[in-house]
Amino acid sequence: MDFIFDLIGRFHPLIVHLPIGFLLLGLMMLVFDSKEKKHQKIIRFAFFWGTFSTLGAVITGAVLYIREGYAWEDIQGHLILGVLTFVFAFFLYLKLKGFSQFNKLSQNFLGYGLVLVLIVTGHLGGNLTHGKDHLTEPLPPDLKMALGIEVVSKKLILLPETHQELSLYSGVIQPILDQKCVSCHNPKKIKGGLLMNNYKGIMEGGEEGSIILALNDVESEILRRIHLPREEKKHMPPKAKTQLTKAEIKIIEQWVTLGAPEKKTVSELGLSPQLFTSFFSKDETGIYPDIKLNPLNNSLIDSIKSIGLQVAPLYKTSPLLKISAINVPDFDDQKAELLFKALDHIVDLDLGQTQVTDAVFDLVKEFKHLTVLKLYRTSISGNGINKLRSLEYLKQINLVNSNFEAPYLEDMYLFPALEKVYLFGTPTSFSTTVEIPDQFQTIFQMGNYKLDEEADQTL
Ligand code: HEC
C-alpha cells in the first residue's frame, strides 16, 4: 500500500496551485471590500478554502519530501515558508471570523505577511521543480552580466600536445555542437525535427532534409543557418543564445567541406594548426603573448643549437621559442649575437650562470616578444637595463645572485608589463637604502637570504 503515499506526494505540484488561487482571490477581495465591508462572508469562504488547501499542500509536500529523497538543505526554505503560509492564512481566517484572541494582530500585518510568504514559497518551489535559473536562463547574456548573474562561458578547450590525434568530429565538432546547439536539438526538445546530439542525428537532418550536403556548390543547410545574419529568424543559434565564435564557425566549415567525416583525426585530415590555436587554454600560452608568427626555419634553429644552446618551442605547434644557455658556461656577450637570428621568436631566455655582462641589454632590447628573462648568477649590475623598457611583454626578470645594484632598480618602474623581478642575493637586496614605492612592492622580490644553486634556476 506504500504506493498510496508516493501517489499523495506526487499530487503536491498540482495541489499547491489551489491555495495560491484561493488566497490571492481572498486578498484581492479584502482590498476591494475594505471600505464597505459588504462581502465579508464570501471573503471568509475564500480564506477557509485557502487555509484548508494550504494544509493539503503542506501535507502532500512533506510526504513528497519524505518519499522522494530530496535533500533537506534544498527544500528547507520552501517547507518552512510553506508552513508559515498556512499559519498566516489560518490566523487571517480566524481574525476575519472575529475571534477576540486575534484582536491584537493587525489585519494588515497578516495580509501583507501572507502575500510575502506566499510569493517566496512559490518561488522557492518553482526553483525546486524547474531549476534555480529557470527565470534567468532565457535572459540575453548582456542583461545577465548587468544583473550580476554568472555567465558561464562555454568554450571548447584543446591541448596543444594532443589535439592532432583527436577525431575531428568527436573531439572537436560534437563538443562545440553540445555547447551551442544541443540544448534545442536533442531527443527531448527536437526543434526543426533535427537531432544534433550524435553523428547519426546530424546525418539524418531535420524536417527539411539533410543539413550536410556532399556537393560543395550548394551550401549545406547547417552552414547556411550559421552564416545568416544574426538578426534573421532562421539564423542558428537563435540570436538570443550564445553565438558560435569565429574560430568555431571556421572549424565547422572545414569539417562540412571535408564531407563531415566521423572518424578521421585532425592530423589525418592535415588541417592547419592555425585553426586550433584559439581553442588552446590560455594556460598553454600562459604568461606568454598569444601571437602568430611564421615558425623559424630549421637551419636557423640548428645554427643556434650548434653552440650548445637549448632551443624548444613553447608548446608543440608554437612558433615561439624558449632558449637556454644553461649548458654553455662560456656563453658571453659575443656568443649572444647568435640569438639575433631568433629575434622575434624568443619569449623565454635563460642566460643564467653565463659570462654575459651589462652590454647584453643592447641585444636583448631587440627581442620584442621576450616575456621571461633570466640573468641569475651573472655579473650583471643593471647598468643599461633601462633599455628594456620598450619590451612590451617583458613580465619576469630573474636576477637572483647577480650583481644587480640598487640605483638601477627605478629604471624598471617604467617597464610596461613587469610583474616579478627576483633579486634575492643581490647587492640591492642587502642594501638598506632602497625604498620601493608602494605600487611596486609586490613586483620586486628581495628576500634576505642567499638561495642555493638549484633554487635560483627554477624561479
Ligand atoms: C534556442 C534553441 C535553438 C538553438 C540553441 C539552436 N537551434 Fe537550430 N533550430 C531551432 C528551431 C526552433 C528550429 C526550427 C525553426 C527553424 O527552422 O528556424 C531550428 C532549426 C534548425 C535547422 C533546420 C532544420 C530543418 O531541417 O528544418 C538547422 C540546420 C539548425 N537549427 C541548426 C542549428 C545549429 C547548427 C545550432 C548550433 C550552432 C542550432 N541550430 C542551435 C532552435 C535552436
Side-chain angles (χ1 to χ4, degrees), residues 126-127 129-147 149-158 163 166-264 266 269 271 275-280:
N127 282 354
T129 35
H130 306 297
K132 279 200 171 60
D133 61 349
H134 186 60
L135 294 177
T136 50
E137 197 272 336
L139 301 178
D142 296 346
L143 185 58
K144 280 191 200 173
M145 217 110 80
L147 292 173
I149 301 163
E150 195 178 350
V151 185
V152 190
S153 82
K154 290 181 175 167
K155 197 170 171 279
L156 172 67
I157 305 265
L158 299 175
H163 79 279
L166 292 176
S167 139
L168 177 61
Y169 162 71
S170 65
V172 184
I173 301 295
Q174 188 61 51
I176 295 174
L177 303 180
D178 283 345
Q179 287 159 4
K180 304 278 170 77
C181 317
V182 166
S183 62
C184 298
H185 295 287
N186 63 64
K188 279 194 187 155
K189 197 173 178 187
I190 174 166
K191 292 286 165 82
L194 174 63
L195 282 176
M196 298 192 86
N197 56 325
N198 58 32
Y199 190 75
K200 190 163 159 272
I202 299 167
M203 289 304 130
E204 277 172 4
E207 279 159 8
E208 290 164 31
S210 244
I211 62 163
I212 289 172
L213 298 175
L215 308 167
N216 279 337
D217 45 339
V218 188
E219 196 177 32
S220 294
E221 182 67 7
I222 185 169
L223 296 184
R224 192 179 75 83
R225 296 296 193 118
I226 291 171
H227 289 151
L228 282 173
R230 186 166 173 181
E231 300 312 315
E232 297 243 355
K233 247 186 107 195
K234 300 241 154 187
H235 169 81
M236 289 290 144
K239 76 164 185 256
K241 292 287 164 176
T242 314
Q243 295 296 299
L244 292 166
T245 64
K246 284 209 181 88
E248 288 170 344
I249 293 177
K250 269 227 168 86
I251 210 106
I252 295 174
E253 281 169 6
Q254 278 285 332
W255 178 67
V256 173
T257 327
L258 289 166
E262 184 182 6
K263 295 268 148 67
K264 292 225 170 86
V266 170
L269 292 165
L271 295 172
L275 277 171
F276 297 91
T277 43
S278 72
F279 298 107
F280 298 153

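Counting starts at 1 for both ligands and their atoms, following the listed order. Computation of the quantities below employed the complete heavy-atom set of this structure, encompassing side-chain atoms and omitting hydrogens, waters and symmetry-equivalent molecules.
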Determine, considering heavy atoms only, which of [options] sits nearest to [atom].
{"atom": "atom 17 (O) of ligand 1", "options": "Glu207, Arg225, Gln243", "answer": "Arg225"}
{"atom": "atom 25 (C) of ligand 1", "options": "Ser220, Gly192, Cys184", "answer": "Gly192"}
{"atom": "atom 38 (C) of ligand 1", "options": "Gly206, Gly193, Ser183, Cys181", "answer": "Cys181"}
{"atom": "atom 40 (N) of ligand 1", "options": "Glu232, His185, Glu208", "answer": "His185"}

Check for a donor-acceptor pair, side chain of [X] on one end and backbone N or O of [Y] on the other, with a separation under 3.5 Å.
{"X": "Lys263", "Y": "Ser167", "result": "no"}
{"X": "Thr245", "Y": "Glu248", "result": "yes"}
{"X": "Gln243", "Y": "Lys241", "result": "yes"}
{"X": "Gln174", "Y": "Met196", "result": "yes"}

Open item on the list: Distance check, rounded to the nearest 0.5 Å: Glu219 atom CD versus Glu253 atom CD?
Closed with: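 Between Glu219 CD and Glu253 CD, I get 8.0 Å after rounding to 0.5 Å.
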Would you mind checking which non-hydrogen protein atom is closest to [atom], with the distance to 0.1 Å?
{"atom": "atom 19 (C) of ligand 1", "result": "Met236 CE, 3.2 Å"}
{"atom": "atom 28 (C) of ligand 1", "result": "Leu194 CD2, 3.5 Å"}
{"atom": "atom 11 (C) of ligand 1", "result": "Lys191 CB, 3.4 Å"}

Output side-chain donor-acceptor pairs under 3.5 Å for residues 203-215, partner residues at least two apart or in another chain, one line each.
none

Open item on the list: Taking only non-hydrogen atoms of Gly205, do any sit less than 4.0 angstrom from ligand 1?
Closed with: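 Gly205: no contact with ligand 1 (<4.0 Å).
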- [ ] Please state whether Met196 comes within less than 4.0 angstrom of ligand 1, counting heavy atoms only.
- [x]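 It does, in that a heavy atom of Met196 comes within the 4.0 Å cut-off of ligand 1.
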Residue [X] vicinity, atoms of ligand 1 by number, heavy atom under 4.0 Å:
{"X": "Ile211", "answer": "29 (C)"}
{"X": "Lys234", "answer": "17 (O)"}
{"X": "Lys180", "answer": "5 (C), 37 (C), 41 (C)"}
{"X": "Leu244", "answer": "38 (C)"}

TODO: May I ask you to say whether Glu221 pairs ionically with Arg224, meaning some side-chain N is under 4.0 Å from a carboxylate O?
DONE: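 Between Arg224 and Glu221 there is a salt bridge, with a charged N closer than 4.0 Å to a carboxylate O.
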- [ ] Take the angle between the ring planes of Tyr199 and Tyr169 and call it parallel below 30°, perpendicular above 60°, tilted in between.
- [x]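 Perpendicular.
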